[in-house]
Amino acid sequence: MLGKFAASRRQLLSAVMIILPIVSSRRALAASLESPEVEQPDNPGDQAFIRRAFAMRQQAIETGDQAYGAVVVRDGIIVGQSASQVVVRRDPTAHAEMEAIRDAARRLGSRDLSKCTLYSSSPACPMCESAAYWADIERLVYGEDARDGGRPGLCG
C-alpha cells in the first residue's frame, strides 16, 4: 500500500511541475494584456478621436503588424483602444476594432457598449462590424476625414 502511495505522490508532483509553469505563464500573459491608462484628448471630437485611431495605426506599423488602429468612445471619453495585433499575437481575429471593443468591454466591465462610437483608421470589415453590432455600438466613424459609417449592422 505504501508503495502505491509513493508512486501516486511522485505522479502528482510530476503533474504539478508540468502545470505550474503553464499557470505562471498564463498569469504573466494576462498581466501583460491589462490595458494601460488611456490618455484623453484635450479637445474631444470626431477629429481628435480619428487622430487617436491613426496613432494606434502607427503603433501597429511600428510593432510590425497590419496598419490599422481603432478607439471606442463613450460620452467624449476613450474607453477602449488598440492597434492591430493580428501578426504579433498570431490571431486572425485580433483586428484593431475587435481589440478596441474587447478593451472597452474590459474597462467598462460589460459587453454592453451602447452609447459608444467606434473610430477606426479604415472601414470596418464584416467581422468587426458584426462585433460592433453585437456590442450595441451606436455609430462607426472611419478614415482621415472622419466619415460617418452609421450604425453597425450584421454583414453577410
Side-chain angles (χ1 to χ4, degrees), residues 17-156:
M17 297 306 285
I18 291 169
I19 292 171
L20 264 176
I22 294 169
V23 171
S24 296
S25 66
R26 284 191 178 162
R27 284 187 183 147
L29 176 62
S32 73
L33 294 178
E34 289 191 21
S35 305
E37 200 59 36
V38 174
E39 184 180 323
Q40 300 296 326
D42 292 331
N43 298 313
D46 285 350
Q47 287 301 318
F49 298 129
I50 280 294
R51 280 194 298 277
R52 176 59 63 82
F54 274 86
M56 294 288 101
R57 177 184 182 269
Q58 185 59 41
Q59 181 180 322
I61 293 167
E62 290 169 5
T63 60
D65 218 300
Q66 299 173 339
Y68 300 101
V71 297
V72 177
V73 175
R74 179 185 275 173
D75 299 325
I77 297 170
I78 297 172
V79 295
Q81 64 181 5
S82 186
S84 173
Q85 297 181 37
V86 170
V87 176
V88 297
R89 284 198 181 165
R90 297 181 191 102
D91 179 351
T93 69
H95 292 195
E97 295 88 347
M98 296 289 286
E99 292 299 304
I101 289 168
R102 289 173 179 141
D103 187 37
R106 226 179 357 258
R107 288 175 193 271
L108 296 173
S110 173
R111 60 145 300 281
D112 178 10
L113 300 182
S114 56
K115 300 181 184 169
C116 288
T117 300
L118 176 63
Y119 293 86
S120 57
S121 57
S122 66
C125 74
M127 175 182 68
C128 294
E129 185 170 351
S130 294
Y133 171 86
W134 287 113
D136 203 23
I137 287 177
E138 292 185 0
R139 185 170 152 238
L140 303 174
V141 178
Y142 64 90
E144 288 181 291
D145 58 349
R147 198 167 306 138
D148 190 337
R151 191 166 191 87
L154 283 179
C155 300

> Between D103 and V72, is any pair of side-chain heavy atoms under 4.5 Å apart?
Replying inline: no
> Sequence neighbours excluded, which residues qualify as side-chain hydrogen bond (donor to acceptor under 3.5 Å, both in side chains) partners of D75?
Replying inline: none
> How long is the gap from CD on Q85 to OG1 on T63, to the nearest 0.5 Å?
Replying inline: 7.5 Å
> Can you name the residues that form a side-chain hydrogen bond (donor to acceptor under 3.5 Å, both in side chains) with R147, not counting sequence neighbours?
Replying inline: D145
> Out of curiosity, I77 CD1 to R107 CZ, how far, rounded to the nearest 0.5 Å?
Replying inline: 12.0 Å
> Who are the side-chain hydrogen bond (donor to acceptor under 3.5 Å, both in side chains) partners of Q58, not counting sequence neighbours?
Replying inline: E62
>> Ignoring hydrogens, what is the shortest heavy-atom contact between A53 and V71? Give both atom names and the distance.
In response: N-CG1, 4.2 Å
> Which residues satisfy the salt bridge (Lys or Arg N to Asp or Glu O under 4.0 Å) test with R111, sequence neighbours excluded?
Replying inline: none
> D46: what forms a salt bridge (Lys or Arg N to Asp or Glu O under 4.0 Å) with it, not counting sequence neighbours?
Replying inline: R139
> Do L108 and R74 have side chains that get closer than 4.5 Å, going by heavy atoms?
Replying inline: yes
>> Quick test of your reading: applying ring pair (Phe, Tyr, Trp, His ring centres under 6.0 Å), list the pairs with at least one residue in residues 101-125, sequence neighbours left out, ordered by first then second residue.
In response: F49-Y119
> How far apart are the closest heavy atoms of A146 and Q47, and which atoms are they?
Replying inline: CB-NE2, 3.5 Å
>> Once side chain to side chain contact (heavy atoms under 4.5 Å, CB included) is applied, do any residues pair with S110, and if so which ones, sequence neighbours excluded?
In response: D112
>> Suppose we screen for side chain to side chain contact (heavy atoms under 4.5 Å, CB included). Which residues come up paired with A135, at least two apart in sequence or across chains?
In response: I101, L113, I137
> Which heavy-atom pair separates L140 from A132 by the least distance, and what is that distance?
Replying inline: CD2-CB, 4.1 Å
> Can you pull the ring pair (Phe, Tyr, Trp, His ring centres under 6.0 Å) pairs that have at least one residue in residues 51-106, sequence neighbours excluded?
Replying inline: none
> Atom OG in S121, atom CD in E97: separation rounded to 0.5 Å?
Replying inline: 6.5 Å
> What residues form a side chain to side chain contact (heavy atoms under 4.5 Å, CB included) with A67, not counting sequence neighbours?
Replying inline: R57, I61
> Is it true that a side-chain atom of S120 and a backbone atom of A70 form a donor plus acceptor pair closer than 3.5 Å?
Replying inline: no
>> Please give me the minimum heavy-atom distance between V88 and D65, naming the atom from each residue.
In response: N-OD2, 3.0 Å
> Do any pairs count as a ring pair (Phe, Tyr, Trp, His ring centres under 6.0 Å) and have a residue in residues 121-146, sequence neighbours left out, and if so which ones?
Replying inline: none
> When you measure from the side chain of E138 to the backbone N and O of T117, does any donor-acceptor pair fall under 3.5 Å?
Replying inline: no
> What are the two closest non-hydrogen atoms of M56 and S82, and how far apart are they?
Replying inline: CB-O, 3.4 Å
> Can you list the residues that meet the salt bridge (Lys or Arg N to Asp or Glu O under 4.0 Å) rule with R151, with sequence neighbours excluded?
Replying inline: D136
>> Applying side-chain contact (heavy atoms from CB on, under 4.5 Å) to Q66 and V87, what does each step give before you reach the verdict?
In response: CA-CA 7 Å; Q66 299 173 339; V87 176; 4.2 Å; yes
